[in-house]
Amino acid sequence: MDARQHFNIMTSSDDALILPLAVSLTAIGKNLPQDRIDFYLLHSDMCPQSMDLLSAVCAGYGNIFFHEIRVENPEAFDPLVKAGGWQRETYFPLDAHHLLPDTADRVLYLDAGDVLVMGDIAPYYNCDFEDQFLIVTGDKHKTVNDRYVPFTPEDFHNPAFFPDLLDGLFNSGSYVINLQKMREEGIGLSDYYALTEQIRRLRPGREGLLYFGDQGLLSAAFIGRMKYYGYPQIQEMWYCPYNFCLGYYDHFDKKPDYQPAILHFAGVLFKPWKAKYPVWPKRFGITGGVPRELAELKPMQVKYYLLWLEYLFLLDKVLEILGM
C-alpha cells in the first residue's frame, strides 16, 4: 500500500455503539482510502463478536489497522464519572498516553458512533501543537473589545466564568491529543482527581455534577494550554470544519462557507441510528426504542442523516463482500 498520510485515530466504546461505530469506520475507509490509519479502540468489556466485526471492517478496506486496547482498571475512572456524568468509556481517552504505544506521539480522538469523517483531516491532525496539550475546535470564548479571545489560566479562578468553563470550552466530538507532551509532563489520573477536588472546593454547596463530561474536565485541566484550531487567523465562532456540529442549523439556514471534514451529530434531537428511515438494511434488524421522525429535524440536518444511512448501506455491502 502506497500511503499518502499516516493517522492515529482513537475512540472509546462499549457494545451498545457497535453498529454506529462500524458506520464511522466505513466513512473513514471510504473517505481516506489512500491513507494509513492506525485505529485504536479503548474498551473494558466488549464482546469478541464486536471485536471481530470491527476488525473485519477495518481489514476489508486494507488501509485501516485495528488495535484493540483493553483498559484493565476501568474502576479507576469512577471518581470522574461521579463528578462529570456519562460512563467510564467517556474518560478512557484522558489516559491515552499510557494506553497507546509509546511510538504514537499524537492521536485524533473521535466520539464513538456519532462522528463521520467526510474529508481530508491532515490540516487538523498535523497542525503544530505549539507546545500545547490539545488541538481543539473552540466552542466558547471571551469577548474583549468586540473580538473573541480564548480563556486564560487566570480565568479558572473567576466564578463568573465557571458555567462556560465547566460546560466545556471546546466540543469533544473530535480533538487531537499531544501524547508525547502528556508523557513528558507526567499527566496521570491523580491529576484529574486532584483537579476534581479543587473544583469541588471552588463550588461549595454545588448540587449535581461538577463539570460536563470529558469536555468540561479537559477544559478545566488545560485552560490556556490548548491550541484552538484556526485561531487567531480565523476569529469566527462558527468556524468548525473538523467538528461540525449539526446544532449549527439551529442558528443558520444555509451551509457554512467551508466544507466540513469531520461531522458530529451533536446539538440535534436524536442520533442518526434512532431515526425512522424509508429503508433499512435487513441485516441490522430493528433498533431498540421508538424511531424518531426525520421531520422533527431542521431541513438542512436531514441530508446528513440520509448520508449516515448511505454509509450504513455501504457497511452492509462491505460485510456481504467479506462473507459475514
Side-chain angles (χ1 to χ4, degrees), residues 5-15 17-18 20-29 31-32 35-46 50-51 53-55 57-59 61 63-74 76-77 80 86-117 121-122 124-127 129 132-137 170-183 187-189 192 213-215 217-218 221-222 226 229 242-243 261-264 266:
Q5 296 272 347
H6 171 246
F7 303 117
N8 296 316
I9 299 179
M10 174 185 70
T11 196
S12 180
S13 185
D14 59 14
D15 285 313
L17 291 175
I18 287 304
L21 182 51
V23 173
S24 293
L25 281 169
T26 301
I28 291 172
N31 292 311
L32 303 176
D35 301 322
R36 177 191 167 109
I37 312 296
D38 278 295
F39 185 83
Y40 297 92
L41 172 63
L42 308 183
H43 77 100
S44 61
D45 60 356
M46 291 175 68
S50 295
M51 293 295 112
L53 173 64
L54 298 178
S55 179
V57 172
C58 291
Y61 278 98
N63 66 319
I64 308 177
F65 297 85
F66 182 76
H67 306 277
E68 174 192 357
I69 306 290
R70 182 180 291 271
V71 178
E72 300 296 342
N73 59 334
F77 296 85
L80 309 182
W86 300 99
Q87 58 197 50
R88 289 170 170 174
E89 287 79 7
T90 303
Y91 301 93
F92 290 171
L94 276 63
D95 205 33
H97 51 294
H98 292 133
L99 296 169
L100 270 59
D102 290 343
T103 52
D105 62 348
R106 68 173 64 202
V107 66
L108 170 64
Y109 168 78
L110 300 177
D111 258 355
D114 66 348
V115 170
L116 293 180
V117 171
I121 61 173
Y124 189 48
Y125 182 90
N126 293 322
C127 188
F129 280 107
Q132 305 289 54
F133 286 91
L134 306 172
I135 298 171
V136 302
T137 296
F170 68 99
N171 185 289
S172 60
S174 82
Y175 56 93
V176 185
I177 306 173
N178 190 341
L179 299 173
Q180 181 175 330
K181 185 171 178 64
M182 291 280 190
R183 296 182 188 117
I187 303 297
L189 290 181
Y192 296 114
D214 54 338
Q215 64 193 45
L217 177 55
L218 286 168
F222 299 110
M226 303 178 289
Y229 181 79
Y242 298 101
N243 193 1
I262 299 179
L263 174 69
H264 188 194

Euclidean distance, [Y] [atom2] relative to [X] [atom1], rounded to 0.5 Å:
| X | Y | atom1 | atom2 | value |
| --- | --- | --- | --- | --- |
| E68 | L54 | CD | CG | 10.0 Å |
| Q180 | I177 | CD | CD1 | 14.0 Å |
| L108 | I262 | CG | CD1 | 5.0 Å |
| L42 | H67 | CG | NE2 | 12.0 Å |
| T11 | D114 | OG1 | CG | 8.5 Å |
| L80 | F92 | CG | CZ | 10.5 Å |

Tell me the closest heavy-atom pair linking [X] and [Y], and the distance in Å.
| X | Y | answer |
| --- | --- | --- |
| L110 | S174 | CD2-CB, 3.7 Å |
| M46 | R70 | O-NH2, 4.0 Å |
| L116 | A27 | CD2-CB, 3.9 Å |

message = I'd like to check the side chain to side chain contact (heavy atoms under 4.5 Å, CB included) partners of N8; sequence neighbours left out, ordered by chain and number.
response =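 Per chain and number, N8 pairs via side chain to side chain contact (heavy atoms under 4.5 Å, CB included) with H6, D38, Y40, A104, V107, Y125.
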request  = Please list, chain by chain and in numerical order, all residues satisfying side chain to side chain contact (heavy atoms under 4.5 Å, CB included) with A122, sequence neighbours excluded.
outcome  =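 By the side chain to side chain contact (heavy atoms under 4.5 Å, CB included) rule, A122 matches Q5, F7, D120, N126.
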Table please: side-chain donor-acceptor pairs of residues 93-103 below 3.5 Å, with sequence neighbours left out.
| residue | atom | partner | partner atom | Å |
| --- | --- | --- | --- | --- |
| D95 | OD1 | H98 | ND1 | 2.7 |
| H97 | NE2 | I187 | O | 2.7 |

Among all residues two or more places apart in sequence or in another chain, which pass the ring-ring contact (aromatic ring centres under 6.0 Å, His included) test with [X]?
| X | result |
| --- | --- |
| Y229 | Y124, Y242 |
| Y192 | none |
| Y109 | Y175 |

task = For residues Y61 and L25, determine if any side-chain heavy atom of one lies less than 4.5 Å from a side-chain heavy atom of the other.
result =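 Heavy-atom side-chain distance check fails, nothing below 4.5 Å.
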task = Compare all side-chain heavy atoms of L218 with those of M226 and state whether any distance is below 4.5 angstrom.
result =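 L218 does not reach M226 side chain to side chain.
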N/O donor-acceptor pair under 3.5 Å between [X] side chain and [Y] backbone:
| X | Y | value |
| --- | --- | --- |
| N63 | L32 | yes |
| S24 | V115 | yes |
| R106 | N178 | no |

Taking only residues two or more places apart in sequence or in another chain, which ones pass side-chain hydrogen bond (donor to acceptor under 3.5 Å, both in side chains) with [X]?
| X | answer |
| --- | --- |
| D214 | S172 |
| Q87 | D14, E89 |
| D105 | none |
| D15 | S50 |

ask   = Who passes salt bridge (charged side-chain N to carboxylate O under 4.0 Å, His left out) against R88, sequence neighbours left out?
value =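 Counting only residues at least two positions away or on another chain, R88 forms a salt bridge (charged side-chain N to carboxylate O under 4.0 Å, His left out) with D78.
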message = The test is side-chain contact (heavy atoms from CB on, under 4.5 Å); show your working for V176 and F129 and say whether it passes.
response = CA-CA 9 Å; V176 185; F129 280 107; 3.7 Å; yes
query = Which is it for F170 and L134 under the side-chain contact (heavy atoms from CB on, under 4.5 Å) test, yes or no, and what are the steps along the way?
reply = CA-CA 11 Å; F170 68 99; L134 306 172; 4.2 Å; yes
request  = Could you give me the CA-CA distance, side-chain angles and deciding distance for V136 and Q215, then say whether side-chain contact (heavy atoms from CB on, under 4.5 Å) is met?
outcome  = CA-CA 10 Å; V136 302; Q215 64 193 45; over 6 Å; no
